[in-house]
Amino acid sequence: MVILFSYRKNKIEKEIIEILTSNGGDYISDKTVIRSQGLFTVISEYKITELKINSCIALILDDGNRFQNQKFPKGTIGICEDKNLTALAVFQKNNIPVISCGTNGKNTVTLSSLNSDTLFASLQRTVTDTSGIDIEPEEFKIKLSKQYNPLSVMASAAVLLLCGIRPDEF
C-alpha cells in the first residue's frame with residue numbers, strides 16, 4: 001500500500017497518481033477510485049490519519065507541516081524530496097527509513113539526466129523492496145510520454161522499485 005500525504009490540488013500528487021496507475025497501481029481517494037492492474041494500491045490522504053496497518057510506503061509531499069503529528073506503523077518506508085525538512089523530521093520522529101529524492105548525490109534516488117523524452121534516475125544505494133528482495137544501485141532510463149516534474153518521476157520510480165516493478169516508461 002502506498003499512501004500520498006499532500007494538500008489537495010497538488011500538481012506533483014496528480015502526476016504521481018497518473019504514473020503509478022499507468023504502471024499497475026489502483027487508486028483510492030475520498031473522491032475517486034481507479035481500478036488498474038491491482039499490482040498495488042495508492043491512497044491519497046489530506047489530513048492526519050489513523051493507520052491501522054502493518055506496513056506501507058508513505059510519501060509526504062508539499063512542506064508537510066499539516067502532517068507533523070502523523071504516526072506511522074513500524075513497517076513503513078518513507079519517501080520525500082530532500083528539501084522537505086518537515087517530512088524528514090516526521091519520518092525521523094517515527095523511526096522510519098527514508099528514501100530521499102533530489103539532485104544531490106547524497107539522496108537515495110537522484111536525477112542523473114533529463115531531456116524532453118527521457119529521464120535517467122539513479123538509485124544510489126541498496127534498498128529492500130516490500131517482498132524482501134534487495135535492489136542494487138543502478139541507473140534507470142525512463143522514457144517519458146509527457147513532461148513530468150522530476151520529483152514526480154523520481155518518487156514514482158522509488159515507489160515502483162519498492163513494489164518490485166522496474167521503472168522504464170512513464
Side-chain angles (χ1 to χ4, degrees), residues 1-21 23-36 38-111 121 123-132 135 148-165 167:
M1 179 180 304
V2 179
I3 305 175
L4 304 174
F5 291 90
S6 176
Y7 291 103
R8 288 192 189 274
K9 300 181 181 180
N10 179 311
K11 182 182 179 208
I12 292 173
E13 177 200 24
K14 289 184 185 336
E15 289 182 354
I16 290 171
I17 292 165
E18 181 179 321
I19 292 167
L20 295 180
T21 55
N23 281 274
D26 294 342
Y27 175 70
I28 301 169
S29 76
D30 59 346
K31 295 183 179 186
T32 307
V33 175
I34 299 172
R35 173 79 169 132
S36 183
L39 300 177
F40 56 94
T41 301
V42 181
I43 299 171
S44 287
E45 290 295 340
Y46 304 108
K47 59 184 179 183
I48 290 178
T49 303
E50 184 178 1
L51 301 175
K52 293 184 178 184
I53 54 178
N54 293 328
S55 64
C56 70
I57 299 167
L59 285 83
I60 298 180
L61 306 173
D62 307 308
D63 64 6
N65 282 330
R66 71 182 337 163
F67 302 111
Q68 286 181 0
N69 295 315
Q70 178 66 50
K71 297 197 184 319
F72 294 99
K74 289 193 185 292
T76 300
I77 300 170
I79 299 174
C80 66
E81 186 174 20
D82 63 343
K83 298 173 187 167
N84 191 337
L85 300 180
T86 304
L88 291 168
V90 169
F91 290 137
Q92 183 178 22
K93 184 167 111 177
N94 282 271
N95 295 316
I96 301 300
V98 177
I99 292 177
S100 61
C101 301
T103 56
N104 182 329
K106 293 181 180 180
N107 291 304
T108 311
V109 177
T110 61
L111 172 66
L123 179 64
Q124 297 294 325
R125 59 190 123 300
T126 302
V127 296
T128 304
D129 73 13
T130 56
S131 298
I135 304 159
Y148 288 110
N149 182 296
L151 176 59
S152 301
V153 175
M154 288 184 290
S156 296
V159 168
L160 292 172
L161 287 170
L162 290 171
C163 291
I165 300 168

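The chain is numbered in sequence order, starting from 1. Everything quoted here is computed from the prediction, not taken from an experiment.
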Side chains of [X] and [Y]: closer than 4.5 Å at any heavy-atom pair?
X: Val42; Y: Thr21; value: no
X: Asp129; Y: Leu161; value: no
X: Cys163; Y: Ile57; value: yes
X: Leu51; Y: Ile3; value: yes

Separation of [Y] [atom2] from [X] [atom1] (nearest 0.5 Å):
X: Ser100; Y: Lys83; atom1: OG; atom2: NZ; result: 12.0 Å
X: Leu61; Y: Ser44; atom1: CG; atom2: OG; result: 8.5 Å
X: Ser152; Y: Lys14; atom1: OG; atom2: NZ; result: 12.0 Å
X: Lys47; Y: Asp30; atom1: NZ; atom2: CG; result: 8.5 Å
X: Glu45; Y: Arg66; atom1: CD; atom2: CZ; result: 11.0 Å
X: Glu13; Y: Tyr46; atom1: CD; atom2: OH; result: 3.5 Å

Requested in this report: Could you tell me whether a side-chain N or O of Asp26 sits under 3.5 Å from a main-chain N or O of Ser36, the two making a donor and an acceptor?
Outcome: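 Yes; at least one donor-acceptor contact below 3.5 Å.
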Query raised in the report: Thr76 side chain to Pro73 main-chain N or O, any donor-acceptor pair under 3.5 Å?
Result: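 Pair found, side chain donor or acceptor close to backbone of Pro73.
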Query - Stepwise side-chain contact (heavy atoms from CB on, under 4.5 Å) check, Tyr27 with Thr32 - result: CA-CA 8 Å; Tyr27 175 70; Thr32 307; 4.1 Å; yes
Report task. Please name the residue in the list Ile135, Ile79, Thr128 that meets the side-chain contact (heavy atoms from CB on, under 4.5 Å) test with Leu162. Result ->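 Of Ile135, Ile79, Thr128, side-chain contact (heavy atoms from CB on, under 4.5 Å) with Leu162 is met by Ile79 alone.
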**Report entry** Test side-chain contact (heavy atoms from CB on, under 4.5 Å) applied to Ile19 and Asn23, Ile16, Ile17, the passing residue
**Finding:**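 With Ile19 as partner, Asn23, Ile16, Ile17 yield a single side-chain contact (heavy atoms from CB on, under 4.5 Å), made by Asn23.
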Which heavy-atom pair separates [X] from [Y] by the least distance, and what is that distance?
X: Leu59; Y: Ala155; answer: CD2-CB, 3.8 Å
X: Phe40; Y: Val2; answer: CD1-CG2, 4.1 Å
X: Asn84; Y: Ile60; answer: ND2-O, 3.3 Å
X: Asn107; Y: Cys101; answer: CG-C, 4.0 Å
X: Lys93; Y: Gln68; answer: NZ-O, 3.0 Å
X: Thr110; Y: Gln124; answer: OG1-NE2, 2.9 Å

Query raised in the report: In this structure, are over 12 heavy atoms from other groups packed under 6.0 Å from Asn54 atom CG?
Result: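 Check fails, neighbour count at 12 or below.
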**Report entry** Test item: side-chain donor near acceptor, Asn104 and Asp82, under 3.5 Å
**Finding:**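 Note: Asn104 and Asp82 side chains miss the donor-acceptor criterion.
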**Report entry** From CA spacing to verdict: side-chain contact (heavy atoms from CB on, under 4.5 Å), Thr108, Leu123
**Finding:** CA-CA 6 Å; Thr108 311; Leu123 179 64; 3.9 Å; yes
Query - Ring geometry between Phe91 and Phe72 (parallel below 30°, tilted from 30 to 60°, perpendicular above 60°) - result: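 Correct class here is tilted.
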Report task. Using a strict 4.0 Å threshold on nitrogen-to-oxygen distance, state whether Lys11 and Glu15 make a salt bridge. Result ->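 Yes.
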